[in-house]
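Data block below; observations after.
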Amino acid sequence: MRILIVEDEKKIAGFIKRGLKDEGHVVDMAHDGEEGHFLASTNDYDLIILDLMLPKMDGITICKKLREAKNPAPILMLTAKDGVKDKVLGLDSGADDYLTKPFAFEEFLARVRNLLKKKGSLAPTKFKVADLTLDLLTHKVTRADKEIGLTTKEYALLEYLMRNAGTVVTRTKISEHVWDIDFDTFTNTIDVYINYLRKKIDSGAKKKLIHTVRGRGYILKE
Ligand code: CA
């Protein structure tokens, strides 16, 4: 999933980014409120981690602006304050959840998982297409009960395809959800990664699951 972190404290931002990347997410960063608001308005994020106290534009203002613009991305607000007033203010401005710094990383991840689940229509922890399974909690992928080892990027791509199983996903959509803002759309990176996945998942199998839809993109289906 593609996540935006808006946090001016570089140490905390870096720590969260590493943790989310380890979980297979794609992460964009903004270090002030204006940049954060700009990125959140121009990209389709699956989750936004938003600090409350930010230079240039504060978290509450960003949150309100995004909701006024009907931006549907779930927002997890972070703050050093733990006053009830700030919590209410954050939630009233349209945030979905709230976490007070300092927090345990495990709790942070649990909240992230919860918000990402809410966003997905099926709220699953496991995906299954034919004999291919992907477990969101353990990151284990199997085909015909045989475990398949994937790199972080391959896993993220497969997760996106499985979340959208049965529908054609365009290269643009894939790049928006599986790659970060520095992704160059003029390269054939996506096709290269699709080929890596095909080798690991479809080669040797009777039924191919990853299909190319000419001129449109890819579809994962039986
Ligand atoms: Ca801050």
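When a ligand or atom number is given, it counts from 1 through the structure's own listing order. Here, residue 1 is the first one in the sequence, and each next residue gets the next number.
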**Study point:** Carboxylate-amine/guanidinium proximity below 4.0 Å for Lys64 and Glu68
**Key:** no
**Study point:** Ring geometry between Tyr193 and Trp179 (parallel below 30°, tilted from 30 to 60°, perpendicular above 60°)
**Key:** perpendicular
Review point. Ion pair present between Glu176 and Arg2, side-chain N to carboxylate O less than 4.0 angstrom?
Key: no
Check your understanding: Can an N, O or S atom be found in Met53 less than 3.0 Å away from the Ca ion (ligand 1)?
Key -> yes
Review point. Hey, which N, O or S atom on Asp8 ends up closest to the Ca ion (ligand 1)?
Key: OD1
Practice item. Verify the distance criterion only: is there a donor paired with an acceptor across the side chains of Arg198 and Thr212 at less than 3.5 Å? Key: yes
Review point. Is Asp51 close enough to the Ca ion (ligand 1) to have an N, O or S atom under 3.0 Å?
Key: yes
